[in-house]
Amino acid sequence: MQDSPLAMDGYSSNVPAFLTKLWTLVEDPETNHLICWSLNGTSFHVFDQGRFAKEVLPKYFKHNNMASFVRQLNMYGFRKVVNIEQGGLVKPERDDTEFQHLYFLQGHEHLLEHIKRKVGDLIQFLFGQLQSNPGSAGIKRKL
Amino acid sequence: MQDSPLAMDGYSSNVPAFLTKLWTLVEDPETNHLICWSLNGTSFHVFDQGRFAKEVLPKYFKHNNMASFVRQLNMYGFRKVVNIEQGGLVKPERDDTEFQHLYFLQGHEHLLEHIKRKVGDLIQFLFGQLQSNPGSAGIKRKL
Amino acid sequence: MQDSPLAMDGYSSNVPAFLTKLWTLVEDPETNHLICWSLNGTSFHVFDQGRFAKEVLPKYFKHNNMASFVRQLNMYGFRKVVNIEQGGLVKPERDDTEFQHLYFLQGHEHLLEHIKRKVGDLIQFLFGQLQSNPGSAGIKRKL
DNA sequence: TCCGTTCTAGAATATTCGCTT
DNA sequence: GAAGCGAATATTCTAGAACGG
């Protein structure tokens, strides 16, 4: 792989690194045995969390922990897809984790721009207060 | 050096020294192993920051610090190009830093004139206010 | 290393990882040629930034950039010690950077607990507002 | 005046840990 | 018990500020 389509025109898009890396990861046929699109392209699977964490993650991120990867997924609004057989009594035949996001769709890389990183509720609340308080204009600008 | 090509067409171009030095630096085939144009000529790469800082910078500037060089780049509106393969735990094969500016293009030296040194945001804001406020003529003269 | 001496006396010390790593780094005789205490033990020196960044930093941190190391130092209130001879025209004989903090003293590891990480001015201001505003108790509890 | 160099800080994302639901 | 989240620190990129020429 040479250039990501997102970064090919010389100026950087405002899509956070996590999303472009995730996209690259899921697309890359080299790692399809560990992470790949679902059949209909609306979600992605991680097989064998252990190997995925130790072999794939450190190539793109500054860690090798599945938990940190999942934390980022949640920060960007991805949700785990719960499979029926996973919750049952019979042990699933495969270590298979699935995540989904409305704007993470195979063949629609431009939709990544609509995936927004969450911000803490406290910060959001305080920002709202500042917005509605005319007296805080000076503080906002300078602080 | 006698005449800069930038100043040969009858009107004096006031391109700051930093930009002409940067251009010379990137063009110079002698230092292409440490700093050179990207393949398509829309950005430039610095390889091996340490050697670049100690060997190349002092030939053009009054320092040998990568940090000061980067500060100048940002002052003139250059942005770092973030590569996806860097940023992992596993060290990339090459120490490669890339910067880009809309008007820093291989083969278009005359565009350097459009690269403007930034002034502080606060100063910029105040200047904008003065521009749109007719009553501030006296202030404008003094400030 | 089993137990940090900081946590052995019955109460848990919450010294951030950066400070304990920095302490270990400066103390370690193996790396004294790149980072070590000053003669009187009130500051520390980094020699040869380039080698320090590439060889030492990644053993303790998830990066190999001097700039990131310096950002952390400033976050914790360390200040660069400016040497007279470094600013002169004659090139200094050695690449020597020195940092200091009131509570970073050789032989007094327990003082690390007094080094506080800085927090943004805006956050600090907003927190102060919440503290002095009784009506925000519910928000504080829930958010 | 504007530019150059240095040191420090802002701001956004990234990583980790522990709690809540 | 697992999924999701809050909060603190960590890393990166850019900007502020002071000073000198």
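So you know, we letter chains A, B, ... as the sequences are listed, proteins then strands, and number each from 1.
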Participant: Can you check whether B/Tyr60's main-chain N or O pairs, donor with acceptor, with B/Lys21's side chain at less than 3.5 Å?
Facilitator: yes
Participant: Among the candidates D/dA14, E/dG4, E/dA10, find the nucleotide nearest to the side-chain atoms of A/Phe18.
Facilitator: D/dA14
Participant: Rounded to the nearest angstrom, tell me the gap between atom CZ in B/Arg71 and atom P in D/dA9.
Facilitator: 15 Å
Participant: Which pairs pass side-chain hydrogen bond (donor to acceptor under 3.5 Å, both in side chains) with one or both residues in residues 42-57 of chain C, sequence neighbours excluded?
Facilitator: C/Ser38-C/Ser43, C/Asn40-C/Thr42, C/Ser43-C/Glu98, C/His45-C/Asp96, C/Gln49-C/Thr97, C/Arg51-C/Glu55
Participant: From D/dG4, E/dA15, D/dA9, pick the nucleotide closest to the side chain of B/Tyr76?
Facilitator: D/dG4
Participant: Take atom CG of C/Leu73 and atom C1' of E/dA10, then tell me their distance rounded to the nearest Å.
Facilitator: 13 Å
Participant: Just N and O in the side chain of A/Lys80: are any of them under 4.0 Å from OP1 or OP2 of E/dG4?
Facilitator: no
Participant: If you check the B/Phe99 side chain, which of E/dT14, E/dA10, E/dC5 turns out closest?
Facilitator: E/dT14
Participant: Among D/dA14, E/dC13, D/dC7, find the nucleotide with the atom closest to the side chain of C/Val82.
Facilitator: D/dC7
Participant: A/Arg79 side chain: which of E/dG4, D/dT8, D/dT15 is closest?
Facilitator: E/dG4
Participant: Determine whether a donor-acceptor pair (one donor, one acceptor, N or O, separation below 3.5 Å) exists between the side chain of C/Arg117 and the base of E/dA10.
Facilitator: yes
Participant: Give the residues of residues 57-68 of chain C touching DNA chain E, defined as any heavy atom closer than 4.0 Å, sorted by residue number.
Facilitator: C/Phe61, C/Lys62, C/His63, C/Asn65, C/Ser68
Participant: State which residues pass side-chain contact (heavy atoms from CB on, under 4.5 Å) with C/Val26; sequence neighbours excluded, sorted by chain then number.
Facilitator: C/Leu22, C/Ile35, C/Trp37, C/Phe44, C/Phe104
Participant: Under the side-chain contact (heavy atoms from CB on, under 4.5 Å) rule, collect the residues that match up with B/Ala53, sequence neighbours excluded.
Facilitator: B/Leu57, B/Met66
Participant: Test of understanding: with side-chain contact (heavy atoms from CB on, under 4.5 Å), list the residues that count as partners of B/His108, not counting sequence neighbours.
Facilitator: B/Leu105, B/His110, B/Leu111
Participant: What does the inter-axis angle of the helix from D/dC2-E/dG21 to D/dT21-E/dA2 come out as, five pairs per end, nearest 10 degrees?
Facilitator: 30°
